[in-house]
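In what follows, a single structure is set out as C-alpha cells and then discussed.
Just so you know, these numbers use all the heavy atoms, side chains as well, and skip hydrogens, waters and symmetry mates.
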Amino acid sequence: MFVRFFIDRPIFASVVAIIILMVGILSLFALPIAQYPPISPPSVNVTANYTGADAQTVEQSVATPIEEQVNGAQDMMYMKSISANDGSMSLTVTFDLDRDLELATVDVQNRVNLASAQLPQEVRNSGIQVKKQSPEFVVIINLISDQGQYDSLFLNNYAKINIYDAIKRIEGVGDVNLFGDQDYGMRIWLNPDLLTSYSLTVADVINAVQEQNVQAPAGQIGLPPTSSDQQFQMTVRVKGRLTDTTEFGNIILKANDDGSTVKVRDVARVELGAKNYITFSRLNGKPTA
C-alpha cells in the first residue's frame with residue numbers, strides 16, 4: 001500500500017528523498033565517525049617498581065596484592081602480569097569491547113589504591129602508574145646517530161626531552177612508549193672493603209645522600225612584624241639539589257672525633273651515567289632510541 005502511494009505521487013516522493021538526503025548530509029558533521037572500528041578489546045596497564053627485588057619477590061609482594069584487588073573489575077575479560085628481575089611489574093587488564101575505557105581506568109585506579117596499603121613502602125614511594133592503553137602500534141620511530149658520536153643514553157634523553165612530549169600531544173595518539181628508557185642518573189659505585197674499613201654500610205650512604213641532596217625552602221627576610229624602618233622584604237634562595245659528581249663526592253658520611261670526615265669519594269666512585277643498565281636498544285648494531 002505504501003509503495004503504491006509513492007509511485008502515484010512522484011513529486012512528493014522526490015521531496016521526501018531530498019529531505020532525507022539533506023538530513024543525512026547534515027548529520028555527517030555532527031555524528032562521530034570512526035575510520036577504523038575497535039577490533040581489539042580496551043585495556044588498562046598498571047606498572048610499579050620495587051628497586052633491587054628479584055622477579056619472585058616482586059610477584060609475591062607487589063603483583064599478587066594488586067591482582068587480588070583488580071580481579072573482578074566490571075566487564076573485565078582477563079588480566080596478565082609480568083614480574084621481572086629488574087624489580088618492575090606490569091599488569092595489563094583487558095575489558096569487553098563495549099566497556100568505556102575512561103570508566104575502566106578509574107575503576108582499576110580505585111582498586112589499586114585499595115591494594116597500596118599492602119605494598120612495600122619503597123613501591124609506594126616510587127609511585128604506581130595506571131594508564132589506559134591500546135595494544136596496537138601505529139608507528140615505531142628510531143633515533144640514531146649517523147656518525148656514532150652519541151650513545152644510547154644521550155639519544156634516549158634527547159628523545160624524551162625534545163620528541164616524547166611533542167608526539168603525545170598529537171591528536172589521536174593514545175600513548176608513547178620509549179623502549180629501553182634510560183634516564184640520566186648519578187651512579188655511586190661503592191667499594192665494600194673501604195666501607196668496612198670505615199665501619200659504614202650501604203644504608204649509611206643512602207641516608208646521607210637523601211639527607212644532604214634536598215631542595216629546601218630558606219624563607220624570607222623582613223617579614224612582618226618588623227620595626228618601622230624595615231623597608232625591604234627579600235626571599236632567600238639557597239643551593240638546592242646537587243648537580244655534578246664533585247658535589248656528590250663531597251657528601252659527608254661520617255664525622256670522626258678528631259674533626260676529620262669521611263666523604264662519599266673516600267669509599268666510592270661517582271659518575272654521571274644511566275639510571276639503570278637493564279635494557280638497551282640497537283639498530284643495525286648502532287645505538288638507538
Between [X] (side chain) and [Y] (backbone), is there a donor-acceptor pair under 3.5 Å?
| X | Y | value |
| --- | --- | --- |
| S260 | N256 | no |
| N284 | K286 | no |
| Q109 | T105 | no |
| K254 | Y198 | yes |
| R269 | I188 | no |
| N157 | L153 | yes |

Separation of [Y] [atom2] from [X] [atom1] (nearest 0.5 Å):
| X | Y | atom1 | atom2 | answer |
| --- | --- | --- | --- | --- |
| N113 | I128 | CG | CD1 | 8.0 Å |
| M89 | T57 | CE | OG1 | 14.0 Å |
| T261 | I251 | OG1 | CD1 | 12.5 Å |
| S281 | L283 | OG | CG | 9.0 Å |
| D86 | T51 | CG | OG1 | 9.5 Å |
| L195 | L200 | CG | CG | 6.0 Å |

Is there a chain of hydrophobic side chains (I, L, V, M, F, W, Y, each step under 4.5 Å between heavy atoms) that links L272 to L242? yes
Is the shortest side-chain heavy-atom distance between [X] and [Y] below 4.5 Å?
| X | Y | value |
| --- | --- | --- |
| Q220 | M234 | no |
| Q129 | V46 | no |
| F95 | P41 | no |
| T94 | V44 | no |
| N156 | L178 | yes |
| K132 | S43 | no |
| L91 | E67 | yes |
| I66 | V62 | yes |

ring-ring contact (aromatic ring centres under 6.0 Å, His included) contacts touching residues 138-157 (sequence neighbours left out): Y150-F154
Atom of P224, atom of Q233 and distance for their closest heavy-atom approach: CD-OE1, 4.2 Å
Heavy-atom closest pair, residues V264 and F248: CB-O, 3.4 Å
Who else is in the cluster with [X] when I, L, V, M, F, W and Y are joined by side-chain contacts under 4.5 Å?
| X | answer |
| --- | --- |
| F232 | none |
| V106 | none |
| L103 | none |

Excluding sequence neighbours, so at least two apart, what forms salt bridge (Lys or Arg N to Asp or Glu O under 4.0 Å) with K80? none
State which residues pass salt bridge (Lys or Arg N to Asp or Glu O under 4.0 Å) with R111; sequence neighbours excluded, sorted by chain then number. D107
side-chain contact (heavy atoms from CB on, under 4.5 Å) partners of [X], counting only residues at least two apart:
| X | value |
| --- | --- |
| A13 | F6 |
| I18 | M22 |
| R237 | none |
| I19 | V15, V23 |

Not counting sequence neighbours, list each pair that qualifies as a side chain to side chain donor-acceptor pair (under 3.5 Å) and has a residue in residues 205-218. none
Pairs touching residues 117-128 that satisfy side chain to side chain donor-acceptor pair (under 3.5 Å), sequence neighbours left out: Q121-R124, Q121-N125
For V267, run the side-chain contact (heavy atoms from CB on, under 4.5 Å) check against T196, N191, V262 and tell me which one passes. V262
Might you work through the side-chain hydrogen bond (donor to acceptor under 3.5 Å, both in side chains) test for E247 and T243, ending with a clear yes or no? CA-CA 7 Å; E247 293 175 343; T243 57; 3.2 Å; yes
